[in-house]
Structures are given as C-alpha cells and as structure tokens.
Protein chains: 2
Amino acid sequence: MKEKKESALQETKNKSLKNRKFRELWNRPGYLIRRLHQIHLGLFAEECRDEDVTPVQFGMLSVLASGVEMDQLTLSTSVGVDRVSGADVIKRLERRGLLQRNRSEIDRRARVISITPQGVEFVENVRPKMARAQAKLVAPLTEAELAELERILKKLIEANNDASRAPLGVN
Amino acid sequence: MKEKKESALQETKNKSLKNRKFRELWNRPGYLIRRLHQIHLGLFAEECRDEDVTPVQFGMLSVLASGVEMDQLTLSTSVGVDRVSGADVIKRLERRGLLQRNRSEIDRRARVISITPQGVEFVENVRPKMARAQAKLVAPLTEAELAELERILKKLIEANNDASRAPLGVN
DNA sequence: ATAGTTTAAGCAGTATACTACGTTTTGCAA
DNA sequence: TTGCAAAACGTAGTATACTGCTTAAACTAT
C-alpha cells in the first residue's frame with residue numbers, strides 16, 4: 001500500500017531545482033509550514049487520542065493551570081487565537097467541565113474564565129503526552145538544528161506578529 | 001491601541017528560560033509552527049483580498065495550471081490535504097468556474113479535474129501576489145537563515161510524512 | 001464466473017480560525 | 001450629564017481539515 005505510487009514527495013522535490021523561486025509548492029515557505037503544522041496536529045492527536053484534546057485546548061488549559069483567571073479575549077490572545085475561535089474552544093472545554101465561565105462583578109460585559117479541579121487533573125495527565133508529541137515532531141533534528149529552528153521561528157513570529165490576524169499581546 | 005497592554009509576546013519569552021522543556025507555550029515547536037502558519041494565512045489573505053483566494057485554493061489551481069488532469073484524491077494529496085478537505089476546496093473552485101469536474105470514462109467512480117481558461121488567467125493574476133506573501137513572510141531572514149529554515153522544514157516533513165493525517169504521495 | 005477486497009466519492013459530524021455585524025456595558029469628554 | 005467611542009461578548013457565515021460511515025465501481029483470486 002505504501003509503495004503503490006511513485007512518491008509525490010520525491011517528485012516535487014526533484015522538480016524544485018530548475019524552477020523560479022516559489023514556483024513549486026515545495027519551494028513555498030508557507031506550504032512547508034502548513035504541512036508541518038498538519039504533521040504536528042497528527043502527532044498530537046495520536047498521543048492524546050484517549051483524552052480527545054487538541055493543541056489549542058491544551059494550550060488554554062495549561063495557561064489557566066496555575067489558577068489565574070482572565071477574560072475570554074485575554075485568554076484567547078495568550079494562546080494566539082482570535083476572540084471568536086477562543087470562545088468556541090472555551091465553550092467546548094466548559095461543556096466537559098474542565099473550566100468555568102462566570103460573569104465578572106467588576107465589568108459586567110466580561111466573562112471570567114477559571115480552571116476546575118478536573119481541569120487541573122486533566123492538564124497533569126495530558127502534559128507528558130503533549131511533550132511526547134513535541135519531542136516526536138523534532139526528533140529528526142540534531143540539538144543544534146532544533147535550536148536554530150526555534151531561533152528562526154521566533155524571529156519570524158516576532159517580526160510578523162502584526163501580520164497575523166490574531167496578533168499576540170497587542171489587543 | 002498597539003501599546004495598550006504589556007506585550008504578552010515579550011512576557012512569554014522572558015519566562016521561558018527558567019522552565020522545563022516544552023513547559024511554556026513559547027518553547028513548544030508545535031505552537032511556534034501554528035503561529036507562523038496563522039501569520040502566513042494573514043499575509044496571503046491581505047495580498048489576495050481582491051481575489052478572495054486561499055493558499056490551498058491557489059495551490060490546487062497552480063498544480064492544474066499546466067493543463068494536467070487528475071482525480072480528486074491525486075489532486076488533494078499533491079497539495080497536501082486529505083480527500084474530504086480537497087473535495088470541499090474543489091467544490092468551491094468549481095462554483096467559481098475556475099476548474100471542471102467530469103466523470104472519468106475509464107473509471108466511472110472517479111471525477112477528473114481540469115482547469116478552465118478562467119482558471120488559467122486567475123493563476124497568472126494571483127501568482128505575483130502569492131510570491132509577495134511568501135517574500136514578506138521570510139523577509140526578516142538573511143539568505144542563509146532562509147536556506148537553513150527550508151532545509152530543516154523539509155527534513156522534518158520528509159521524516160514525519162507518515163505522521164500527518166494527509167500524508168503526501170503515499171496513497 | 002463470482003465472491004471478497006480495495007478504491008473513489010459522497011455525506012454527516014466536529015474542531016480550528018477567521019470576517020462581519022449587532023448588543024450591552026463601560027468610560028471619557030464636551 | 002449626556003452623548004459618543006470603545007470594549008467584551010454573541011451570532012451568523014465561511015474556509016480548512018479532519019474522522020467515520022456508506023455507496024458504487026473496479027479489481028483479484030479462487
């Protein structure tokens with residue numbers, strides 16, 4: 001099954017040399033990043049298939065795990081998603097009893113989000129699985145390559161932060 | 001507006017040193033990749049806001065642009081999405097008259113996808129905008145850094161290809 | 001030849017990730 | 001103080017990206 005067709009991977013790679021910049025998919029940084037993002041989602045899902053949790057869901061819970069409380073927008077931006085996506089994730093986590101949504105006494109527009117005891121336990125259970133997914137993702141790299149990758153990714157994110165439709169830490 | 005709050009970006013970064021591997025969002029490669037993916041989507045959307053097209057849509061059309069025909073699964077895997085997501089994208093591109101879906105004469109289960117003249121024109125119009133989005137994304141990097149980033153991303157994608165839920169070129 | 005497997009698609013359901021628009025509350029300034 | 005801008009949230013709509021189930025056609029092996 002795995003050998004049935006010629007590898008499109010190899011095919012795309014070989015063509016890449018003789019073409020103009022960005023002409024082939026394989027030469028588009030955006031394409032490479034999207035593929036790696038999908039791979040990470042796959043690895044994470046595989047590690048956490050018993051708990052049925054996603055990277056963004058775990059990201060939110062791990063932000064709240066220390067017991068801090070915050071409104072939906074602050075929570076959303078702190079994990080790098082927009083307000084509406086964040087509210088969606090929060091809704092699902094609330095349904096599973098992993099966090100609470102309460103009206104703020106100070107600002108009656110806001111909803112204050114806090115983790116539940118079940119949420120704390122959940123984070124502790126899932127944390128090693130998350131770490132395994134991260135480790136598998138970067139397992140093919142040497143220490144030096146990993147350090148370089150992280151440095152370059154951080155540089156790109158910092159420089160382009162405003163370009164994202166969910167900029168981190170500015171609204 | 002941009003200065004209103006303390007930068008969560010900077011905050012997260014500073015905390016990162018004194019914590020265990022992967023403990024903080026900022027130290028999770030998967031998180032960095034997701035953020036950069038979002039940034040690319042934002043840059044692409046900004047460049048192509050007149051044409052209302054996404055990277056995956058453009059990817060499909062640019063694969064077809066030379067006039068080749070293929071079934072939905074082959075097309076989907078060649079741009080790195082699964083069969084169902086691909087069919088969804090194809091449906092929308094067909095609705096806009098940029099490609100055609102015809103039943104195969106040889107295999108009556110299959111739908112043969114081919115680009116239309118409007119599709120070809122569309123690709124030519126959008127290609128420079130796609131290239132600008134790619135260029136902006138990696139603009140903060142030196143030539144050497146870009147080369148290293150691409151090398152590492154390709155290495156990770158090749159090594160982890162099967163881990164993706166839409167592996168490229170194997171089915 | 002036919003029975004069983006595989007393959008290409010379709011359909012339903014779910015999660016992330018947005019835009020656009022509307023509502024209520026807050027806060028500032030004339 | 002009132003009047004208006006901004007903020008927090010909600011709702012609706014759209015696109016990507018899957019899983020799981022089903023149907024119909026094609027293939028394979030006996």
Side-chain angles (χ1 to χ4, degrees), chain A residues 1 4-5 30 34-35 37-46 48-49 52-60 70-77 79-93 95-96 101-113 164-167 171, chain B residues 1 4-5 30 34-35 37-46 48-49 52-60 70-77 79-93 95-96 101-113 164-167 171:
Chain A
M1 178 155 128
K4 220 207 86 184
K5 284 189 186 180
R34 178 173 64 80
R35 295 282 305 137
H37 175 56
Q38 287 172 328
I39 286 168
H40 172 62
L41 291 179
L43 288 170
F44 195 98
E46 194 184 318
C48 301
R49 63 192 177 295
D52 190 33
V53 65
T54 66
V56 174
Q57 287 175 8
F58 180 78
M60 273 200 181
M70 58 191 81
D71 62 34
Q72 296 192 159
L73 179 58
T74 306
L75 181 54
S76 298
T77 55
V79 298
V81 302
D82 77 307
R83 184 178 65 76
V84 184
S85 310
D88 230 33
V89 176
I90 290 167
K91 189 178 62 191
R92 282 185 283 274
L93 293 174
R95 202 165 55 205
R96 294 171 65 178
R101 255 162 46 99
N102 297 112
R103 277 221 178 277
S104 168
E105 298 297 323
I106 302 138
D107 183 343
R108 307 197 323 161
R109 294 168 300 181
R111 304 286 200 147
V112 178
I113 314 301
S164 166
R165 288 176 293 183
N171 50 353
Chain B
M1 178 155 128
K4 217 205 85 185
K5 284 189 188 179
R34 179 173 63 81
R35 294 281 305 137
H37 175 56
Q38 287 172 329
I39 285 168
H40 172 61
L41 291 179
L43 287 170
F44 195 99
E46 194 185 319
C48 301
R49 63 193 178 293
D52 192 31
V53 65
T54 67
V56 174
Q57 288 176 5
F58 181 79
M60 274 200 181
M70 59 190 79
D71 62 34
Q72 296 192 159
L73 179 57
T74 306
L75 180 55
S76 298
T77 53
V79 298
V81 300
D82 77 307
R83 185 179 64 75
V84 184
S85 310
D88 230 32
V89 176
I90 290 167
K91 190 178 62 190
R92 281 184 284 274
L93 293 174
R95 202 165 54 204
R96 294 171 66 177
R101 254 161 47 98
N102 296 111
R103 276 222 177 277
S104 167
E105 297 297 323
I106 302 138
D107 184 342
R108 307 198 322 159
R109 294 167 300 180
R111 305 286 200 144
V112 179
I113 314 300
S164 167
R165 288 175 294 183
N171 49 356

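Numbers restart at 1 for each chain; the letters A, B, ... are given by sequence-line order, proteins then strands.
For the pair A:H37 NE2 and D:dA15 C1', the interatomic distance rounds to 13 Å; values are reported in whole Å. For the pair A:L43 CG and D:dA17 C1', the computed distance is 16 Å after rounding to whole Å. Atom CZ in A:R111 sits about 13 Å away from atom C1' in C:dT23, given to the nearest Å. Per the geometry, NE2 belonging to B:H40 stands 13 Å off C1' belonging to D:dT16, to the nearest Å. Between the CG atom of A:D82 and the C1' atom of C:dT16 there is a distance of 9 Å, given to the nearest Å. A:F44 has its CZ atom 15 Å from the C1' atom of D:dC18, to the nearest Å. The nearest whole Å value for the distance from the CG atom in B:L41 to the P atom in C:dT19 is 11 Å. Rounded to whole Å, the distance from CG on B:D52 to C1' on D:dG13 is 13 Å.
Legend: residues meeting salt bridge (charged side-chain N to carboxylate O under 4.0 Å, His left out) with B:R96, ordered by chain and number and at least two apart, are absent. Every salt bridge (charged side-chain N to carboxylate O under 4.0 Å, His left out) that B:R92 has, sequence neighbours left out, goes to B:D88. Evaluation of the salt bridge (charged side-chain N to carboxylate O under 4.0 Å, His left out) rule for B:R101 yields B:E94 as partners, not counting sequence neighbours. With sequence neighbours excluded, the residues that form a side-chain contact (heavy atoms from CB on, under 4.5 Å) with B:T54 are B:V56, B:Q57.
The stretch residues 83-90 of chain A touches DNA chain D through A:R83, A:V84, each having a heavy atom within less than 4.0 Å of the strand. A heavy atom lying under 4.0 Å from DNA chain D marks the following residues of residues 101-110 of chain B, by number: B:I106, B:D107, B:R108, B:R109.
Taking only side-chain nitrogens and oxygens, B:T54 comes nearer than 4.0 Å to OP1 or OP2 of D:dT16. Of the side-chain N and O atoms in A:Q72, one or more sit less than 4.0 angstrom from OP1 or OP2 of D:dG10. Remark: B:Q57 is not in phosphate contact with D:dA15, judged by side-chain N or O atoms under 4.0 Å from OP1 or OP2.
Residue A:R95 is in sugar-phosphate contact alone, with no base atom involved, counting any heavy-atom pair closer than 4.0 Å across all strands shown. Nucleic acid contact for A:R92: base, since at least one base atom lies under 4.0 Å from a heavy atom of the residue. Residue-level contact check: B:R34 touches the backbone only, with heavy atoms under 4.0 Å from sugar-phosphate atoms and none from bases.
If you take OG on B:S85 and CD on A:Q38, they are separated by 8.0 Å, rounding to the nearest 0.5 Å. In this structure, B:Q72 CD and B:T77 OG1 are separated by 11.5 Å, a value rounded to the nearest 0.5 Å. With values rounded to the nearest 0.5 angstrom, B:I113 atom CD1 is found 11.0 Å from B:L73 atom CG.
For A:T74 (side chain) and A:M70 (main-chain N/O), no donor-acceptor pair under 3.5 Å exists by modelled atom type.
Under 3.5 Å, the side chains of B:S104 and B:D107 contain no donor-acceptor pair of N or O atoms.
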